[in-house]
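Before any comments, here is the structure.
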Number of protein chains: 2
Amino acid sequence: MTPQRAAVLEALSTCKHHPTAEDIYELVVRKVPRISLGTVYRNLQVLVDEGYATRLPAMEGSHRYDRVVAAHHHIVCSGCSRIVDIHLEDDDSLRETVEAQCGFVVNSHRTEFEGTCGECAAK
Amino acid sequence: MTPQRAAVLEALSTCKHHPTAEDIYELVVRKVPRISLGTVYRNLQVLVDEGYATRLPAMEGSHRYDRVVAAHHHIVCSGCSRIVDIHLEDDDSLRETVEAQCGFVVNSHRTEFEGTCGECAAK
DNA sequence: TTACATGCAAAACTTTTGCAACTTA
DNA sequence: TAAGTTGCAAAAGTTTTGCATGTAA
């Protein structure tokens, strides 16, 4: 656990807005001025592999990262691109439905909602 | 509607495996030999904007495209990366739960399942 | 004819990697 | 010390774009 890795993990824990690697670099470089973007990418990879972080699928541009706390879902605002966490209870009947339909064993799922946030709706 | 655009749309309709832009290029270039990859990208963008196609979020590598037929979900095999469509009925109570939790107006959602397909499970 | 589409090549962006030097445990 | 990590810069991969030419309506 190098200072660089600790700083990446701390930035990820602090920043609730699902930062990109570049966002994290900009946070971390204040505390570890000589860190490189490559090191941020390498540490994010390690943290994902070890289960401390998740890489979210990217619709466009860069991937976003998320400190793993518990299984959760996301909603993206189509107005301002803000991403907010959604917590839902697991639903075994959903899993059974899907397994019956496709013959896979289902390990996990994530739902991405899309909508309009309160602020954007007000405009 | 140019021959190039028609060929891209046809390739997308034919190919059920959620092709990448590169995959589509390789299908289309057989029929329109001088087409360029840039043109494939431009036409995919137009088709997405006009609602004939969807760009799927990418976990790694290239984006994948999908001919729009009806709202549906996906399951990805963690063994072989195969993607299979899943059809589920819409669930209004889910929408209401999410709207109450985050204050957004929900327009749509897509669930990405992850699991192991029959073939990979057999190994 | 006029607006739009194309091929090509270069550029823009994101992410990964080789390497020599340096740290961590 | 041995294994792993860093900074840097270059490379790899995907997607977009400028431009002159060509095509559709």
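Protein chains get the first letters and strands the later ones, always in sequence-line order, with residue 1 at the start of each.
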inquiry  = Could you check whether A:His109 and B:His73 have their ring centres less than 6.0 Å apart?
reply    = no
inquiry  = Let's see if you get this right: which residues in residues 13-32 of chain A place a heavy atom under 4.0 Å from DNA chain D?
reply    = none
query = Quick one: do the B:Asp85 and B:His18 side chains pair a donor with an acceptor below 3.5 Å?
reply = yes
task = Send over the distance from A:Tyr41 OH to D:dG7 P, rounded to a whole Å.
result = 15 Å
remark   = In this structure, NE2 of A:His87 is separated from SG of B:Cys102 (nearest 0.5 Å) by 11.0 Å
Distance-only donor-acceptor hits, side chain of residues 111-121 of chain A, under 3.5 Å, sequence neighbours excluded:
from     : atom 1 : to       : atom 2 : distance (Å)
A:Thr111 : OG1    : B:Thr111 : OG1    : 2.8
A:Glu112 : OE2    : A:Arg110 : NE     : 3.4
A:Glu114 : OE1    : B:Ser108 : OG     : 2.8
A:Glu114 : OE2    : A:Ser78  : OG     : 3.3
A:Glu114 : OE2    : B:Asn107 : ND2    : 3.1

request  = State the CD1-CD1 distance between B:Ile24 and B:Ile35, to the nearest 0.5 angstrom.
outcome  = 10.0 Å
remark   = Under a side-chain separation threshold of 4.5 Å, the hydrophobic residues clustered together with B:Ile83 are B:Val76
note = Axis-to-axis angle for the helix from C:dT1-D:dA25 to C:dA25-D:dT1, ends of five pairs each, to 10°, equals 50°
task = Taking the side chain as every heavy atom from C-beta outward, state whether A:His63 and A:Leu44 have any pair of such atoms under 4.5 Å apart.
result = no
message = Return the CZ to NE2 distance between A:Arg82 and A:His17, rounded to the nearest 0.5 Å.
response = 9.0 Å
ask   = Between D:dT16 atom P and B:Leu37 atom CG, what is the distance in whole Å?
value = 10 Å
Contact list (N/O, under 3.5 angstrom) for nucleotides 19-25 of chain D vs protein:
none

Whichever of A:Gly38 and A:Arg5 has its nearest DNA chain D nucleotide further upstream toward 5' = A:Arg5
ask   = Are any of the side-chain heavy atoms of B:Glu99 and B:Phe104 separated by less than 4.5 Å?
value = no
note = chain A reaches DNA chain C, atoms under 4.0 Å from its heavy atoms, from C:dT14 to C:dA25
query = Atom CD in A:Glu26, atom SG in A:Cys15: separation rounded to 0.5 Å?
reply = 11.0 Å
query = Taking everything shown except B:Glu50 itself, do over 12 heavy atoms lie less than 6.0 Å from its CD?
reply = yes
message = Any non-hydrogen side-chain atom of A:Leu9 less than 4.5 Å from a side-chain atom of A:Asn43?
response = no
ask   = Considering only D:dT15, D:dC8, D:dT5, which nucleotide approaches the side chain of A:Arg34 most closely?
value = D:dC8
inquiry  = Distance check, rounded to the nearest 0.5 Å: A:Ile86 atom CD1 versus B:Gln101 atom CD?
reply    = 4.5 Å
task = Specify the separation, in whole Å, of atom CG of A:Leu44 and atom C1' of D:dT6.
result = 15 Å
